[in-house]
Amino acid sequence: MVAATVIWWIFRPAPAPPISLREEFARRQTQAERNQLYAGAPRWTGPGSGPVLLRNQAYAVGYSDERENPLWVGYRLDRITASQHGKRPSRFAVDRRTRALTSPDEYTRTGFDRGHLAPSFNIGSRFGPDAQLETFLMSNIVPQKPNLNRKLWKRLEELESEYANRFEQIWVFTGPVFDHRRQLLEGGVEIPDFLYKILVDEDGDRIRMLPFLLPQEVRGNEPLSQYLTTVDEIERQTGLDFFWALSDPNEDHLEAFRPTRLW
DNA sequence: CGGCGTAATAGT
DNA sequence: ACTATTACGCCG
C-alpha cells in the first residue's frame, strides 16, 4: 500500500504555466449567453442553412437534421460543491424538438456507442438530476467507437472535470467532425470520423484554450497531449466559427496557438 | 492491490 | 426498470 502510494506520487502529472492575455468583451458575452457559451454561439460558415440552436438547462446544442447529429455543444462546468448525487438515467430519449427524431434503437448492435457530447456525470454533478436527464436526449449523442468513448474520451471528460474543480470553472465546446465520404447507420445517423473538444479557462485577464481532435480509431491508452491542435484547424474541419465575440487580435492569436502540453 | 464509480452493452 | 457483464481511473 505504501509502495503503491509512492509510485503514484512519482508519476503524478506536473502542472504547466499558462499564456497571458486580456479580454473584457468576451466576459460580457459569456454572461449575456447565460454563461453556457463562451464568446458566442458558434457561427455556421459552411454551405446551406447550418445547425439549429437548442437550449437546455445546462448546455446548448447546434443540431443538424441533415446529418442527424449535434454539430456543436457548449456548456460551462463549475467546481463541484455539494454532492448532487443522482443515479445515471437508465435510458436515452428522442428529442421531439428535432426533425430527425433519432431514436436510441438506431444505435443498437451497430458496433457504435451512444456517445455523450455534454457529459452525463459532469453536468449532473453540478446542475442536478434534471440537467443530467437532458444529457440523455439523442440531440446530445453521436456514434462513437467503444475504444474512444469508454477509454480516451472518458479520460478527457475526467480531465475537464478536474480542471473545473481546480480553476473554479471552465467552458467547453465539443462536437463531431465529418469527412467527405458519408457513412451512415441504418436509420440515417451519420458516423463522425473525428471528435473535437475545446476547453477554455479564464483566470483574471488571461484566457487560455486547449483544443483536441480525436480520431474514432484509437486503442484508448494514448496520451491526450498527442491530440492537441488549434481552434483554426477545428474551424476548417467543421465549418464553424468559434469565439467570434472576442476582439480580432485576441481571437486570431488564441485560435492559431497550438498548445504542446496539458494544464 | 482491492473496492468503488463511471463509461457503456445486451437481454428480460 | 432491472440484471449481468466489461473496462478503466481514482483512491487509500
Side-chain angles (χ1 to χ4, degrees), chain A residues 1-15 58-59 69-70 73 75 77-95 102-167 170 172 174-176 185-187 189 191-192 194-197 199 210 212 214-227 262-263:
Chain A
M1 200 189 303
V2 174
T5 305
V6 169
I7 287 163
W8 167 81
W9 185 261
I10 290 166
F11 290 105
R12 78 196 193 285
Y59 71 101
N69 271 259
V73 155
Y75 54 94
L77 292 183
D78 305 310
R79 176 176 290 160
I80 294 179
T81 51
S83 61
Q84 295 243 34
H85 222 80
K87 286 187 168 118
R88 177 180 233 259
S90 57
R91 57 170 174 196
F92 294 83
V94 175
D95 192 332
T102 303
S103 135
D105 307 337
E106 294 177 41
Y107 283 65
T108 53
R109 288 185 303 273
T110 59
F112 288 90
D113 283 1
R114 303 169 188 91
H116 283 78
L117 290 187
S120 161
F121 177 78
N122 290 354
I123 295 290
S125 56
R126 284 143 177 106
F127 301 100
D130 292 345
Q132 182 169 22
L133 198 56
E134 286 184 331
T135 68
F136 282 74
L137 289 168
M138 292 305 289
S139 54
N140 184 45
I141 301 299
V142 302
Q144 266 180 286
K145 294 306 272 297
N147 272 357
L148 176 61
N149 188 33
R150 305 177 193 185
K151 298 180 182 179
L152 203 59
W153 194 258
K154 184 186 178 196
R155 270 167 48 216
L156 187 48
E157 289 177 343
E158 287 161 354
L159 187 65
E160 80 185 32
S161 179
E162 183 202 320
Y163 288 157
N165 290 338
R166 213 194 306 164
F167 307 129
I170 62 162
V172 182
T174 186
L185 302 180
E186 294 252 343
V189 176
I191 301 164
F194 292 83
L195 270 79
Y196 69 85
K197 196 189 277 271
L199 308 182
L210 225 40
F212 297 88
L214 282 69
Q216 284 274 23
E217 297 292 342
V218 291
R219 288 188 317 277
N221 57 358
E222 298 88 345
L224 283 165
S225 56
Q226 92 181 59
Y227 301 102
L262 306 178
W263 300 331

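For the numbers below, each heavy atom of this structure counts, side chains included, while hydrogens, waters and symmetry mates do not.
- Residues of residues 146-160 of chain A that place a heavy atom closer than 4.0 Å to DNA chain C, in numerical order, are A:Lys151, A:Lys154, A:Arg155, A:Glu158.
- The interatomic distance linking A:Lys87 (NZ) with B:dC4 (P) rounds to 16 Å, in whole Å.
- Under the 30°/60° scheme for interplanar angles, the aromatic rings of A:Phe92 and A:Phe136 are found to be tilted.
- An OP1 or OP2 oxygen of B:dA7 is reached within less than 4.0 angstrom by no side-chain nitrogen or oxygen of A:Arg114.
- Of all the heavy atoms in A:Val73 and A:Tyr75, the pair that sits closest is CG1-CD2, 3.7 Å.
- Residue A:Asn221 contributes atom CG, which lies 20 Å from atom P of B:dA7 at whole-angstrom precision.
- With 3.5 Å as the limit, one finds no donor-acceptor pair spanning the side chains of A:Glu157 and A:Asn122.
- For the pair A:Glu106 CD and B:dT9 C1', the interatomic distance rounds to 18 Å; values are reported in whole Å.
- A donor atom on one side chain and an acceptor atom on the other are found under 3.5 Å apart for A:Arg126 and A:Asn165.
- Between the C1' atom of C:dG9 and the CG atom of A:Leu224 lies a distance of 12 Å, rounded to the nearest Å.
- A salt bridge does not link A:Asp113 with A:Lys145: every distance from a Lys NZ or Arg NE/NH1/NH2 to an Asp or Glu carboxylate oxygen is 4.0 Å or more.
- Between the P atom of C:dC8 and the CG atom of A:Asp113 lies a distance of 14 Å, rounded to the nearest Å.
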ring-ring contact (aromatic ring centres under 6.0 Å, His included) between A:Phe212 and A:Tyr227, worked out:
CA-CA 5 Å; A:Phe212 297 88; A:Tyr227 301 102; 8.3 Å; no
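- Rounded to an integer number of Å, the gap from A:Lys145 NZ to C:dA7 C1' is 17 Å.
- Spacing between atom CZ of A:Arg166 and atom C1' of C:dC10 amounts to 15 Å, rounded to whole angstrom units.
- The distance from atom CZ of A:Arg91 to atom C1' of B:dA10 is 17 Å, rounded to the nearest whole Å.
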